[in-house]
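Heads up: the structure comes next, in structure tokens.
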Number of protein chains: 2
Amino acid sequence: MSISSRFSVGIHILALIEINKNGTSTSEFLAGSVNTNPAVIRKIIGMLKGAGLVKVQPGIAGAELAKNLSDITLFDVYKAVNVVQEKELFSVHDNPNPDCPVGRNIQAAIVPVFEAAQKALEKSLGNVSVENVVDDIIKKENIS
Amino acid sequence: MSISSRFSVGIHILALIEINKNGTSTSEFLAGSVNTNPAVIRKIIGMLKGAGLVKVQPGIAGAELAKNLSDITLFDVYKAVNVVQEKELFSVHDNPNPDCPVGRNIQAAIVPVFEAAQKALEKSLGNVSVENVVDDIIKKENIS
DNA sequence: TTACATGTAACTATCATAGTTACAACTAGA
DNA sequence: TCTAGTTGTAACTATGATAGTTACATGTAA
């Protein structure tokens with residue numbers, strides 16, 4: 001199991017729009033950097049747009065940021081690209097046997113623990129902004 | 001995306017072996033409570049055995065705990081049933097364009113953040129033992 | 001009107017999951 | 001020793017998500 005790379009691609013897109021802010025970030029341009037198909041990029045950009053993170057218009061070339069990057073956390077991107085449903089990072093087997101004490105209580109016993117773990121993950125993602133990622137990229141770029 | 005229910009089934013199995021400790025926990029018995037196929041249970045028990053959590057022998061009916069339940073955390077079970085590879089909860093798109101500053105640095109910039117988030121998740125699972133889950137089941141059972 | 005971009009649908013290939021069946025290997029007891 | 005019952009595993013199927021591809025309708029601006 002692995003969380004979809006839509007998430008990392010989403011971050012890549014936002015970072016590149018910022019770094020290319022003096023140019024025009026078309027889906028083809030972005031696809032060239034991510035190394036995938038422009039249609040894939042457009043699908044993800046559509047999700048970012050739906051979450052209010054970018055601005056795009058049909059017929060007009062280029063995507064722009066809709067917010068300051070310091071106000072976009074990785075958690076925002078994660079939610080935007082819909083890689084994990086709320087409270088559903090862990091799946092629980094359904095229809096356990098209600099005639100067994102464990103079967104009839106296991107879900108209620110486990111779900112809160114799973115939710116806490118998911119929350120811990122998401123909180124961690126919320127501590128990092130896309131701006132932090134961009135700064136890191138710039139730093140690495142200047143060093144090498 | 002969702003983490004395999006092997007995890008919740010693994011917890012279910014351990015809890016039921018404990019609660020049924022005066023009886024014999026065959027794969028068929030366990031399958032009846034989980035509500036699945038005995039072969040599925042045997043496969044998962046094999047993983048739990050590989051991690052040193054249970055004792056089972058070919059030809060001999062019943063699985064037993066190999067450790068005190070208070071010494072088995074949910075993180076131990078999670079590792080045992082192999083639902084998430086180390087450092088690979090998040091997948092990162094590969095082959096980004098090395099001719100682009102973002103393309104050539106995005107992986108190095110993102111991976112540590114992803115690893116930290118995964119660690120936060122796993123730490124949270126490490127705070128709960130299977131015994132805690134069993135206690136919760138017993139408590140719920142007595143109340144209702 | 002033309003050239004070019006976005007938005008989206010339809011389709012494919014690939015992979016993991018979960019379940020199913022079948023059977024070899026093994027144990028204990030009659 | 002034979003038999004019944006159990007574990008361990010392999011092979012197969014169905015399902016669903018992912019990621020990519022192609023194609024085209026829609027929209028904009030020069």
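Below, chains carry the letters A, B, ... as their sequence lines are ordered, and counting in each starts from 1.
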Legend entry - DNA chain D contacts among residues 42-62 of chain B, heavy-atom distance under 4.0 Å: B:R42, B:K49, B:V56, B:Q57, B:P58, B:G59, B:I60, B:A61, B:G62
Legend entry - Boundaries of the DNA chain D segment in contact with chain B, non-hydrogen, under 4.0 Å: D:dG5 to D:dT18
Inset, instruction - Quick one: pull up CG in B:N127 and CZ in B:F75 and give me the separation to the nearest 0.5 Å. - result: 11.0 Å
Inset, instruction - Look at A:E18 together with A:K21 and state whether they make a salt bridge at an N to O cut-off of under 4.0 Å. - result: yes
Inset, instruction - Ignoring hydrogens and angles, tell me if any N or O in the side chain of B:N142 forms a donor-acceptor pair with the backbone of B:K139 under 3.5 Å. - result: no
Inset, instruction - Using the rule that two of Ile, Leu, Val, Met, Phe, Trp, Tyr join whenever any of their side-chain heavy atoms come within less than 4.5 Å, decide whether B:I19 and B:I44 are in one cluster. - result: yes
Inset, instruction - Could you check how far CG of A:D94 sits from P of C:dA18, rounded to whole Å? - result: 10 Å
Inset, instruction - Under the side-chain contact (heavy atoms from CB on, under 4.5 Å) rule, what do B:V54 and B:L14 come out as? Steps first, then yes or no, please. - result: CA-CA 8 Å; B:V54 301; B:L14 293 170; 3.5 Å; yes
Inset, instruction - On DNA chain C, check which nucleotide each of B:V40 and B:V83 is closest to and give me the residue with the more 5' one. - result: B:V83
Inset, instruction - By nearest nucleotide on DNA chain D, pick out whichever of A:S5 and A:A39 is the more 5' one. - result: A:S5
Legend entry - hydrophobic_cluster_shared for B:I60 and B:V56, side chain cutoff 4.5 Å: no
Inset, instruction - Verify, without hydrogens or angle tests, whether B:N105 (side chain) and B:P101 (backbone) share a donor-acceptor contact under 3.5 angstrom. - result: yes
Inset, instruction - Examine distances only and state if a side-chain atom of A:R42 and a backbone atom of A:S27 form a donor-acceptor pair shorter than 3.5 Å. - result: no
Inset, instruction - Specify the residues of residues 22-37 of chain B, ordered by number, for which at least one heavy atom lies under 4.0 angstrom from an atom of DNA chain D. - result: B:T26, B:S27
Inset, instruction - May I ask you to decide whether A:E86 forms a salt bridge with A:K79, counting only side-chain N to carboxylate O separations under 4.0 Å? - result: no
Inset, instruction - Kindly say whether B:A109 contributes a backbone atom to a donor-acceptor pair with the side chain of A:K140 at under 3.5 angstrom? - result: no
